[in-house]
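Accompanying notes for the structure given below.
Sequence positions, counted from 1, serve as the residue numbers for this chain. FYI, side chains are in, hydrogens and waters are out, and symmetry mates aren't considered; it's all heavy atoms of this structure.
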Amino acid sequence: MHKPEQDKKVSAMVSFRLPLILLVSLLGISLSCGAALPPPVYDTDGHELSAAESYYVLPAIPGHGGGLTMAPRVFPCPLLVAQETDERRKGFTVRFTPWGGGAAAASPDKTTIRVSTDVRIRFNAATTCVQSTEWHIGDEPLTGVRRVVTGPVIGPSPGGRENAFRVERYGGGGYKLASCRDSCQDLGVSRDGARAWLGASQPAHVVVFKKASK
């Protein structure tokens with residue numbers, strides 16, 4: 001049998017531990033709720049980018065070509081992501097969706113597109129190739145140059161992140177896109193003849209997002 005003094009000590013220890021456990025639990029909830037999400041990406045009207053809307057991806061600086069489109073490079077299919085050379089042409093609109101997990105999935109409305117967060121990108125258009133218009137990064141067989149391609153991924157990498165992209169802020173204003181297949185690389189525009197192709201190259205292609213009217 002326990003002595004009265006021992007019972008008092010046990011009771012006092014339990015009474016001390018309960019508030020401590022409660023305090024630790026409340027602190028953990030507070031830290032979780034207070035964790036800051038990455039800031040949203042904004043369109044040219046100052047509104048947050050939404051997965052429910054379509055946007056033109058246009059150069060941030062006038063006189064640097066038009067929007068993004070699709071074009072064949074060597075074979076009719078698949079189509080690569082290219083830039084319109086005529087700045088009056090806005091190209092096709094795109095849709096952004098969270099790639100899965102992370103801060104994008106934790107966003108309260110689950111539709112806000114945020115900087116430095118994995119997203120999928122697809123053109124909101126149909127093509128004669130009759131295949132997906134979702135973007136992915138691929139290596140050209142002969143040159144090894146990484147370019148942005150539409151359609152299904154052929155021979156996916158072990159990580160399966162060929163279609164993981166990010167929108168990042170650009171220091172001088174506007175945004176830049178990055179491919180995050182293995183490590184994140186800025187996407188730039190490289191010219192080849194009459195075409196300008198989007199791929200992993202420098203300097204970064206600085207862009208803004210203009211919401212498409214319905």
Nearest 0.5 Å, what's the [atom1]-[atom2] distance between [X] and [Y]?
X      : Y      : atom1 : atom2 : value
Gln185 : Leu177 : CD    : CG    : 13.5 Å
Asp139 : Ser157 : CG    : OG    : 10.0 Å
Asn163 : Thr150 : CG    : OG1   : 13.0 Å
Arg181 : His136 : CZ    : NE2   : 9.5 Å

Intermediate values then yes/no, side-chain contact (heavy atoms from CB on, under 4.5 Å), His47 and Glu53: CA-CA 11 Å; His47 300 143; Glu53 302 290 347; over 6 Å; no
Considering non-hydrogen atoms only, spot the tightest contact between [X] and [Y] and give its length.
X     : Y      : result
Gly63 : Glu87  : N-OE1, 3.1 Å
Ala71 : Ala82  : CB-CB, 4.2 Å
Tyr55 : Ser50  : OH-N, 2.9 Å
Gly67 : Leu58  : CA-CD2, 3.8 Å
Pro72 : Leu79  : N-CD2, 3.6 Å
Pro40 : Thr112 : CB-CG2, 3.8 Å

Determine whether [X] and [Y] make a side-chain contact, defined as any pair of heavy atoms from C-beta on separated by less than 4.5 Å.
X      : Y      : answer
Pro156 : Glu162 : yes
Val94  : Leu68  : no
Ile113 : Val119 : yes
Glu48  : Tyr42  : yes
Arg73  : Asp192 : yes
Thr69  : Arg89  : no
Glu134 : Thr97  : no
Arg169 : Pro39  : yes

Salt bridge Asp43-Lys211, side-chain N to carboxylate O under 4.0 Å: no
Side-chain heavy atoms under 4.5 angstrom apart, residues restricted to Ile, Leu, Val, Met, Phe, Trp, Tyr: same cluster for [X] and [Y]?
X      : Y      : answer
Tyr56  : Val208 : yes
Phe165 : Trp197 : no
Val149 : Met70  : no
Phe92  : Leu49  : yes
Tyr170 : Leu187 : no

Identified salt bridge (Lys or Arg N to Asp or Glu O under 4.0 Å) counterpart of Asp186 within the set Arg146, Lys176, Arg166: Lys176
Aromatic ring pairing Phe123/Trp135, orientation class (parallel under 30°, perpendicular over 60°, tilted between): tilted
Parallel, tilted or perpendicular, as decided by the 30° and 60° cut-offs, for the rings of Phe209 and Tyr175: tilted
Test item: side-chain donor near acceptor, Ser54 and Arg95, under 3.5 Å: yes
Side chain to side chain donor-acceptor pair (under 3.5 Å) partner of Arg147, chosen from Ser179, Ser201, Ser190: Ser190
Derivation of the side-chain contact (heavy atoms from CB on, under 4.5 Å) call for Val206 and Ile61: CA-CA 8 Å; Val206 186; Ile61 303 174; 5.9 Å; no
Check: Cys180 main-chain N/O paired with Arg161 side-chain donor or acceptor under 3.5 Å: yes
